[in-house]
Number of protein chains: 2
Amino acid sequence: MAKSNNNHSTKERILEKAESLFAEKGFHGVSIREITTAAKCNMASVHYHFNSKLNLYLEVFRSRWIPREKQMYDAFLASLEGEEAPEPGKVLTALANSYLKGPMSDEESRRHRQLIVREMQTPTEAFKLAANETLRPLFTTLYNLLKPSLHNGSDGNLTFDIMSIFGITLYLNYSRPMVSQITGKEYDDTFKSLLIDHMVRFSLNGLGS
Amino acid sequence: MAKSNNNHSTKERILEKAESLFAEKGFHGVSIREITTAAKCNMASVHYHFNSKLNLYLEVFRSRWIPREKQMYDAFLASLEGEEAPEPGKVLTALANSYLKGPMSDEESRRHRQLIVREMQTPTEAFKLAANETLRPLFTTLYNLLKPSLHNGSDGNLTFDIMSIFGITLYLNYSRPMVSQITGKEYDDTFKSLLIDHMVRFSLNGLGS
DNA sequence: GTCTATAGCAGGATAGAC
DNA sequence: GTCTATCCTGCTATAGAC
């Protein structure tokens, strides 16, 4: 299948550049030409390996996005060390560390979340994949972990709470340019850990626990 | 300029359909053909009235998005009735009612927020316009209204808090399909007021006041 | 498995009649 | 101000050599 004497086969290089460009510009904003130029190969390779542009896009999710998201989910579970009923503060800290820190570079994690936000706006088959294989399990786990700690036992509220925590997490992805544009201030080194601290504090307060 | 015997001139019909389609599919996802078919006029009209597709897109912001956002901002200010130091609960309730209820239909307000979220992901000239003319004033106003009530006097925290409130507000726009897809539950009539209640409660808690 | 060459089509933009 | 007709570019996809 892959050329055996290459660290990164053409197929892998295409997937990598495709993910990066789709995240940055969206499906319709990128051409196959652009992808293959970046991947230093010919346009025809995309059709040889993936049949079509749309299928390349879906393959980005299948072979890169979903496995990466599952890794973060596993890291999240692992950092709770199988505790029966961890406190909400511990749950949210574990969540933030696994999903916002994790092993990825800033750029990689930014792209990762850009892809799913684009899918939320204009869902394709990829969103169903992501929802069923990663988002729903995470939601269910969070729901079960947080439910016992709430004095206010309304299920509906907790559902919305978790959606808001998702929202903050995704949205903070875009905060750096926004904060600069809107407040005029500049953030750099400390920005990431500030975001994580904020996310934990705000969400924990938001839950009302 | 406009045909005087028409309630909605061709120019207006183009703007209206363009806004709707750009919101739904993004700039690159829509063709001029699609817009003019929906507006029941010919392709050449776009170039006659707007010179180019990009300029039509920008004009959607200039002549529709920004005035609408300003209306909501004014309604927000009006509902505070010039109080000196309203409590955070009152500020957030006014915010939610002006920005999430307001005079718009559900579909209209959904499109309104879709446009700005797309700009946050892939900013064009339109984002600068929106940031300078509407988002920054709103941010500054909220900052000044909320600052006196906080026991924790850190400026940086309040900046992030407001960004998170923006995030929740924008993200809840997409919640209905998300909640259904992820939880399997269905929401309908009561969904909107549930969202508003949730947004006020969660944000108020999040602020820690 | 990767390349060149090209088919075939859809896109934005323009010219000019009315 | 609105239309028809058309240009031309850039796109996806395919054929076929190596």
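Proteins get letters first, then strands, A, B, ... in listed order; numbering begins at 1 in each. Only this structure's heavy atoms are used, side chains among them; waters, hydrogens and symmetry mates stay out.
The local environment of CD in A/Glu125 is sparse, with at most 12 non-hydrogen atoms from other residues, nucleotides or ligands closer than 6.0 Å.
The phosphate of C/dC3 has OP1 or OP2 within less than 4.0 Å of a side-chain N or O from A/Ser45. Between B/Tyr48 and D/dG1 there is a side-chain polar atom (N or O) within less than 4.0 angstrom of OP1 or OP2. Checking the phosphate oxygens (OP1, OP2) of D/dG1, no side-chain nitrogen or oxygen of B/Thr10 falls inside 4.0 Å.
The distance between atom NZ of A/Lys40 and atom C1' of C/dC3, rounded to the nearest whole Å, is 17 Å. Across the protein-nucleic acid pair, B/Ile14 atom CD1 and D/dG1 atom C1' stand 11 Å apart, rounded to whole Å. When rounded to the nearest whole Å, the span between CZ of A/Phe50 and P of D/dA13 equals 13 Å. Atom P of nucleotide D/dT14 and atom CG of A/Asn55 are separated by 12 Å, given to the nearest angstrom. For the pair A/Glu34 CD and D/dT12 C1', the computed distance is 14 Å after rounding to whole Å. Atom pair A/Ile35:CD1 and D/dG10:C1' shows a separation of 15 Å (rounding to whole Å applied).
With values rounded to the nearest 0.5 angstrom, A/Asn51 atom CG is found 11.5 Å from A/Leu58 atom CG.
Between A/His112 and A/Trp65, the ring-plane angle classifies as parallel under the 30° and 60° cut-offs. Ring geometry, A/Phe27 versus A/Phe22: the interplanar angle falls under 30°, so the pair is classed parallel (tilted spans 30 to 60°).
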*Apply the test side chain to side chain donor-acceptor pair (under 3.5 Å) to residues B/Ser109 and B/Tyr99: give CA-CA distance (whole Å), side-chain angles for both, the deciding distance (0.1 Å), then the verdict.*
CA-CA 9 Å; B/Ser109 77; B/Tyr99 280 81; over 6 Å; no
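At a threshold of 4.0 Å, the pair B/Arg13-B/Glu16 does not count as salt-bridged, since none of the basic side-chain nitrogens sits closer than that to a carboxylate oxygen.
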*Would you give a per-nucleotide map of nucleotides 8-13 of chain C, 5' to 3', where B means the base has a protein non-hydrogen atom under 4.0 Å away, S means only the sugar-phosphate does, and - means neither?*
---BBB
